[in-house]
Amino acid sequence: PSVRCVIVCAGMDGALPSVVGGLVNCPVIAVPTSIGYGASFGGVSALLTMLNTCSPGVGVVNIDNGFGAAAMAYKMIHSSATAAAAAAAKKESK
């Protein structure tokens with residue numbers, strides 16, 4: 001199956017989206033969660049870790065914003081499908 005976007009939710013230290021970003025060839029949307037053990041500071045720790053990732057292709061939404069991540073993924077997928085259809089139509093018209 002073809003995956004065009006991945007949403008990764010992570011708390012605690014927020015390292016999971018960086019790992020996934022290094023393993024897949026599609027955009028990754030990171031969602032920090034407000035729960036976790038230790039000093040997670042209500043998700044701020046995970047948020048800051050995700051914002052400082054060195055893994056290319058990782059975008060970050062706000063703490064516990066799964067809906068925003070889904071909306072962003074939809075827009076990414078929809079815009080890429082629209083661009084592909086426009087390119088195919090342009091190629092076909094030549």
Side-chain angles (χ1 to χ4, degrees):
S2 176
V3 176
R4 296 188 295 190
C5 189
V6 176
I7 298 174
V8 179
C9 298
M12 298 179 236
D13 62 0
L16 184 61
S18 296
V19 174
V20 173
L23 296 173
V24 299
N25 292 326
C26 62
V28 174
I29 302 172
V31 182
T33 61
S34 60
I35 58 170
Y37 66 88
S40 64
F41 302 110
V44 174
S45 176
L47 175 66
L48 293 175
T49 300
M50 292 175 189
L51 287 172
N52 287 305
T53 183
C54 293
S55 183
V58 176
V60 183
V61 296
N62 207 357
I63 300 167
D64 293 332
N65 191 9
F67 181 81
M72 183 184 227
Y74 175 80
K75 286 188 173 194
M76 284 180 180
I77 292 168
H78 182 69
S79 66
S80 66
T82 303
K90 185 176 180 181
K91 184 178 179 182
E92 195 174 283
S93 67
K94 286 185 177 183

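Here the closest non-hydrogen pair linking Pro32 and Asn62 is CD-O, 3.9 Å. Across every non-hydrogen atom of Ala10 and Ala46, the tightest pair is O-CB, 4.0 Å. A pairwise comparison of heavy atoms in Ser55 and Gly22 identifies OG-N, 3.4 Å as the closest pair. For the residue pair Ile29 and Cys5, the shortest heavy atom distance occurs at CD1-SG, 3.7 Å. Contact detail for Val28 and Gly21: the closest heavy-atom pair is CG2-CA, 3.8 Å. Shown here for Pro27 and Arg4, the closest heavy-atom pair between the two residues is CD-O, 3.3 Å.
In this structure, the side chains of Val24 and Val3 stay at 4.5 Å or more apart for every pair of heavy atoms. Residues Val6 and Cys26 form a side-chain contact, since some pair of their non-hydrogen atoms from C-beta on lies under 4.5 Å apart.
Under the 4.5 Å side-chain contact rule for hydrophobic residues, Val31 and Val8 do not share a cluster. Cluster membership for Met50 and Ile63, using ILVMFWY side-chain heavy atoms within less than 4.5 angstrom, is shared. Follow the hydrophobic side-chain contacts under 4.5 Å out from Ile7 and you reach Met76 in the same cluster.
Atoms CG and SG, from Asn65 and Cys9 in turn, are 10.0 Å apart once rounded to the nearest 0.5 Å. Note that the OG1 atom of Thr82 and the CD1 atom of Ile77 stand 11.5 Å from one another [nearest 0.5 Å]. Rounding to the nearest 0.5 Å gives a distance of 13.0 Å between OG1 of Thr53 and CG of Leu48.
Side chain of Ser45 to backbone of Phe41: no donor-acceptor contact under 3.5 angstrom is found.
Residues passing the side-chain contact (heavy atoms from CB on, under 4.5 Å) test with Thr49, sequence neighbours excluded: none. For Ser34, the side-chain hydrogen bond (donor to acceptor under 3.5 Å, both in side chains) partners two or more places apart in sequence, or in a different chain, are Asp64.
A ring-ring contact (aromatic ring centres under 6.0 Å, His included) check over residues 75-94, counting only residues at least two apart or in different chains, returns the pairs Tyr74-His78.
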